[in-house]
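One structure is given here, and the rest of the page talks about it.
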There are 2 protein chains.
Amino acid sequence: MGLDPVKEEQNAALHKMRKRVIESIGRNMDLYGISLSTGHLYGLLFFADKPMTLDEMGSEMKMSKTSMSTGVRTLLDLKMVNKVWEKGSRKDLYEVEYDWYQTFTDFFDIKWRKSVEANILVLRKSMDEIDKIANEYAEDPEMTDMLQKDKAKLRDAYAYYEWLDRLIDTFENGDIYKLVPKEPPAKE
Amino acid sequence: MGLDPVKEEQNAALHKMRKRVIESIGRNMDLYGISLSTGHLYGLLFFADKPMTLDEMGSEMKMSKTSMSTGVRTLLDLKMVNKVWEKGSRKDLYEVEYDWYQTFTDFFDIKWRKSVEANILVLRKSMDEIDKIANEYAEDPEMTDMLQKDKAKLRDAYAYYEWLDRLIDTFENGDIYKLVPKEPPAKE
DNA sequence: AAGAACGTACAGAAAAAACTGTACGGTATA
DNA sequence: TATACCGTACAGTTTTTTCTGTACGTTCTT
């Protein structure tokens with residue numbers, strides 16, 4: 001995991017510190033829908049001072065190469081790690097994306113955006129359908145009332161998802177940093 | 001699930017529409033770390049036109065009351081549903097929180113905030129520790145270099161988490177709506 | 001105070017997810 | 001072209017999560 005394995009053994013304190021951070025990072029990865037061990041893998045890569053191969057990860061994590069392969073792919077899909085090309089090496093190399101703001105943005109763009117858009121589609125379709133049903137049951141006041149209530153709910157949900165969509169836009173285009181700058185505002 | 005179960009049977013189209021929306025909502029609930037069936041429970045409550053009891057949920061979902069109990073608690077913890085008091089009824093009643101903006105905010109306040117603060121604490125502690133170790137190894141250039149690199153990483157992560165903390169603040173205090181209004185800006 | 005109804009703790013069963021070892025297709029090396 | 005090595009598909013195993021039924025403590029009714 002470090003520059004020099006021998007050196008690391010020498011210093012238990014450093015090793016312990018890293019382990020604590022890795023665990024802390026890994027534990028919170030479930031927010032991204034990532035399993036604990038894949039979270040640990042991320043933590044490992046975070047401290048690695050050079051891109052790692054699957055074999056290296058496996059030996060560090062004491063896990064199979066297959067698991068490393070799937071774990072890395074999960075992280076790759078979320079753009080939390082990048083594949084690195086290094087001439088001479090036949091093995092694939094991976095390193096974490098150190099720009100965490102970008103990682104955050106990508107996560108929303110990849111995961112949330114997909115959900116949002118799927119829901120928007122379904123809601124649009126469903127509201128149309130309600131209109132159609134409402135036409136058929138125009139004579140039935142009870143049914144009409146129920147349909148109206150449903151439609152109002154869908155409309156609210158729709159508005160919310162559109163808002164969410166615009167919010168994710170601000171993550172992507174960087175407008176969010178106008179509201180919340182990376183540098184904390186100076187205390188007065 | 002509706003006002004009048006008989007009526008609903010009459011109209012397959014409405015039922016189908018609701019089912020589609022419920023599934024769509026439920027499917028995307030994994031973003032909140034919620035299981036599919038709890039997501040469906042949420043969808044059910046979303047369309048319910050009155051607060052429901054555990055027994056009613058169970059019969060609609062065709063699942064045990066125990067499962068409803070745990071499912072509701074999960075949703076309650078995330079403030080996605082509210083407990084409702086109705087005089088006369090001995091049973092607990094629940095309804096969804098229809099303010100989805102609030103639900104979004106609560107989610108980040110409950111889940112993300114906790115992670116962020118835990119990480120901030122660990123990072124602070126770890127940076128202090130690095131300083132201590134660095135003092136011991138002041139004579140060792142290689143070790144010093146490694147410690148510096150680690151500390152730089154921690155510092156970056158720390159800055160990111162503080163940013164995230166401030167971002168969540170804007171969700172909570174409503175500042176986010178200045179940047180992304182609930183009402184979409186009028187198209188020109 | 002006794003009885004009925006409610007929600008949930010708990011233990012076991014069922015289902016889902018994570019993990020491993022083997023096998024195989026593909027690419028670089030010889 | 002043959003060989004070695006790499007990453008991953010796949011099937012089987014282990015671990016974790018979800019779900020159920022029973023049992024129990026509490027609260028309301030009588």
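Everything numeric in this text was worked out from a predicted model, so none of it was measured. Quick note on labels: first sequence line is chain A, next is B, and so on, each numbered from 1.
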Expected output: side-chain [X] to main-chain [Y] donor-acceptor under 3.5 Å:
X      : Y      : result
B/S24  : B/R20  : no
A/N173 : A/D169 : yes
A/Y98  : A/F46  : yes

message: If I compare all heavy atoms of B/V180 with all of A/L167, which pair ends up nearest, and what's the gap?
response: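 That closest heavy-atom pairing would be CG1-N, 3.9 Å.
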
- request: Indicate the atoms forming the closest heavy-atom contact of A/A48 with B/K153, along with that distance.
  value: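 Answer, listing the atom of A/A48 first, then B/K153: O-NZ, 3.1 Å.
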
message: Would you say A/S37 places a side-chain N or O within less than 4.0 Å of OP1 or OP2 belonging to C/dC19?
response: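 Affirmative; the distance criterion is met.
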
message: Counting only side-chain nitrogens and oxygens, does B/K65 get under 4.0 Å of the OP1 or OP2 atom of D/dT20?
response: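 No, because none of the side-chain N or O atoms of B/K65 sits under 4.0 Å from OP1 or OP2 of D/dT20.
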
Figure out the [atom1]/[atom2] separation between [X] and [N], and round it to whole Å.
X     : N      : atom1 : atom2 : value
B/I34 : C/dA16 : CD1   : C1'   : 18 Å
A/K62 : C/dC19 : NZ    : P     : 16 Å
A/L36 : D/dT16 : CG    : C1'   : 12 Å
A/E56 : D/dC6  : CD    : C1'   : 14 Å
A/M63 : D/dT15 : CE    : P     : 13 Å
B/K91 : C/dA4  : NZ    : P     : 16 Å
B/H40 : D/dT18 : NE2   : C1'   : 15 Å
A/M68 : C/dG21 : CE    : C1'   : 14 Å

message: Looking at A/D106 and A/R113, is there a salt bridge between them, counting it only when a charged N and a carboxylate O are closer than 4.0 Å?
response: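 Salt bridge: no.
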
query: In terms of side-chain geometry, is the basic nitrogen of A/D128 or A/K125 positioned less than 4.0 Å from the acidic oxygen of its partner?
result: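 Between A/K125 and A/D128 there is no salt bridge, as every charged N stays at least 4.0 Å from the carboxylate O atoms.
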
query: Base, backbone or nothing for each nucleotide of nucleotides 21-30 of chain D, written B, S, -, heavy atoms under 4.0 angstrom, 5' to 3'?
result: BB----BS--

Among [options], which is the nearest nucleotide to the side chain of [X]?
X     : options               : result
A/L54 : D/dT20, C/dT8, D/dG7  : D/dG7
A/S35 : C/dA18, C/dG7, D/dT20 : C/dA18
A/D92 : D/dA9, C/dC6, D/dG7   : D/dG7

